[in-house]
Q: 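Once you've had a glance at the structure underneath, I'll fire off some questions.
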Amino acid sequence: PILDVTKINPNNTLIWNQSYFSTNMNYFANSSIDLISDGGFVFGGTDIYTYNLNVVKLDSVGTFVWRKNFYSYGGVVRTSQDSSFYTCSNTTSSTTTGDIRLMKLNSNGDSLWTVNYGGINAERVSNMHITYDCGLVAIGTTQSYGAGRRDVYLIKTDCAGNIAVS
């Protein structure tokens, strides 16, 4: 299988297990998963062949709902109170060394906004969380700021992805 997802209850009893196969979805790396308020799940991960971010939504019984593919890699995904999703990933291109990319997706996985953060050198994200004020806090490393040797890079945004602290 490309992906195997198992749901268990607090007593470690199997509720369901689903295996997903696809000819246009490869194996995932750097994956994260989050629970949705309707009991479903959303997860993000890097397609190990294309290095693209894939975000996948499953319903409460593990049925595949949708998959979206974005030109970045990594894949921290979180569910917000308004049933949208935030992703945090890393960019690559032939002209830059890579930035941190935050995106907000609607409940269908369509991008509402995308913002890249970084400087002239490489930045990489490690994790992201939604804050009490509906903003985001992401942590990673930077070679563009500080001493330039993979210093800690903390980004705090508002709900629209505007920098509050970095």
Side-chain angles (χ1 to χ4, degrees), residues 1-5 18-38 40-59 62-119 121-131 134-144 150 152-163 166:
I2 300 300
L3 179 68
D4 197 21
V5 180
Q18 294 281 1
S19 294
Y20 305 93
F21 299 85
S22 175
T23 56
N24 55 355
M25 187 167 73
N26 297 311
Y27 295 99
F28 280 18
N30 304 321
S31 299
S32 71
I33 191 165
D34 203 13
L35 182 65
I36 304 171
S37 61
D38 66 5
F41 299 89
V42 63
F43 64 91
T46 303
D47 179 313
I48 65 169
Y49 295 109
T50 66
Y51 288 101
N52 287 335
L53 169 65
N54 282 265
V55 179
V56 177
K57 182 178 178 182
L58 307 175
D59 70 13
T63 303
F64 179 88
V65 178
W66 51 254
R67 177 184 65 96
K68 300 291 181 165
N69 186 5
F70 301 98
Y71 186 68
S72 59
Y73 68 96
V76 178
V77 61
R78 301 283 184 244
T79 305
S80 70
Q81 293 178 354
D82 66 359
S83 299
S84 61
F85 308 106
Y86 290 98
T87 68
C88 193
S89 57
N90 301 296
T91 66
T92 59
S93 85
S94 59
T95 58
T96 65
T97 55
D99 288 334
I100 294 173
R101 174 171 289 163
L102 297 179
M103 293 191 311
K104 183 174 184 177
L105 310 176
N106 66 18
S107 59
N108 295 317
D110 301 315
S111 178
L112 298 173
W113 54 258
T114 301
V115 182
N116 293 343
Y117 304 90
N121 294 314
E123 278 68 52
R124 295 288 179 262
V125 68
S126 300
N127 209 340
M128 172 200 59
H129 291 283
I130 299 172
T131 59
C134 91
L136 301 173
V137 62
I139 191 161
T141 60
T142 179
Q143 293 180 346
S144 298
R150 295 187 187 223
V152 172
Y153 191 30
L154 178 70
I155 302 167
K156 167 67 175 88
T157 72
D158 62 16
C159 296
N162 300 308
I163 290 282
S166 89

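Quick caveat: nothing in here was measured; it's all calculated off a predicted structure.
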Q: Please find the pair of heavy atoms, one from Ser32 and one from Val77, that lie closest to each other, and give the distance.
A: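 Closest approach of Ser32 to Val77, heavy atoms only: OG-N, 2.9 Å.
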
Q: What pairs with Ser80 under side-chain hydrogen bond (donor to acceptor under 3.5 Å, both in side chains), at least two apart in sequence or on another chain?
A: Asp82, Ser84

Q: Return the OG1 to CD1 distance between Thr142 and Ile155, rounded to the nearest 0.5 Å.
A: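 Rounded to the nearest 0.5 Å, the OG1-CD1 separation comes to 8.5 Å.
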
Q: CH2 of Trp113 to CE of Met103: how many Å apart, nearest 0.5 Å?
A: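 Going from the CH2 atom of Trp113 to the CE atom of Met103 covers 9.5 Å.
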
Q: Taking it one step at a time, do Asp34 and Phe43 satisfy side chain to side chain contact (heavy atoms under 4.5 Å, CB included)?
A: CA-CA 6 Å; Asp34 203 13; Phe43 64 91; over 6 Å; no

Q: If the condition is side-chain hydrogen bond (donor to acceptor under 3.5 Å, both in side chains), which residues does Lys68 pass it with, not counting sequence neighbours?
A: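 Lys68 satisfies side-chain hydrogen bond (donor to acceptor under 3.5 Å, both in side chains) with Asp110 once adjacent residues are dropped.
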
Q: Could you tell me whether Arg150 atom CZ has more than 12 heavy atoms of other residues or ligands within 6.0 Å of it?
A: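 Counting neighbours around CZ of Arg150, 12 or fewer heavy atoms of other residues, nucleotides or ligands fall under 6.0 Å, so no.
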
Q: Looking at CD1 of Ile100 and CD1 of Ile139, how far apart are the two atoms once the value is rounded to the nearest 0.5 Å?
A: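 Here the rounded value is 9.5 Å.
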
Q: Pick from Asn162, Val137, Leu136: which one makes a side-chain contact (heavy atoms from CB on, under 4.5 Å) with Thr157?
A: Leu136

Q: Rounded to the nearest 0.5 Å, what's the gap from SG on Cys159 to OH on Tyr86? Could you check?
A: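 Answer for the SG-OH pair, Cys159 versus Tyr86, is 5.5 Å.
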
Q: Testing the basics here: between Leu105 and Ser111, what is the closest heavy-atom pair and its distance to 0.1 Å?
A: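 Looking at all heavy atoms of both residues, the shortest contact is CD2-CA, 3.7 Å.
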
Q: Any chance you could lay out the side chain to side chain contact (heavy atoms under 4.5 Å, CB included) test for Ile36 and Lys57, step after step, and finish with the verdict?
A: CA-CA 9 Å; Ile36 304 171; Lys57 182 178 178 182; 3.9 Å; yes

Q: Could you tell me the separation between the CZ atom of Phe70 and the CG atom of Asn54, rounded to the nearest 0.5 Å?
A: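 Phe70 atom CZ to Asn54 atom CG measures 9.0 Å (nearest 0.5 Å).
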
Q: Within the distance-only criterion (no hydrogens, no angle test), does the side chain of Asp99 pair as donor or acceptor with the backbone N or O of Glu123 below 3.5 angstrom?
A: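 Absent.
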
Q: Please report the closest heavy-atom contact between Met128 and Leu102, naming both atoms and the distance.
A: SD-CD2, 4.0 Å

Q: How would you list, by chain and number, every residue that makes a side-chain hydrogen bond (donor to acceptor under 3.5 Å, both in side chains) with Asn121, sequence neighbours excluded?
A: none

Q: In Å, rounded to the nearest 0.5 Å, how long is the span from CG of Leu53 to OG1 of Thr46?
A: 6.5 Å

Q: Work out which heavy atom in Tyr71 is nearest to a heavy atom in Asn52; give both atom names and the distance.
A: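 The answer is CD1-OD1, 3.4 Å.
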
Q: What are the two closest heavy atoms between Asp59 and Val65, and how far apart are they?
A: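 That would be N-CG2, 3.6 Å.
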
Q: Please report the shortest heavy-atom distance between Thr87 and Val55, naming the atom on each side.
A: CG2-CG2, 3.9 Å

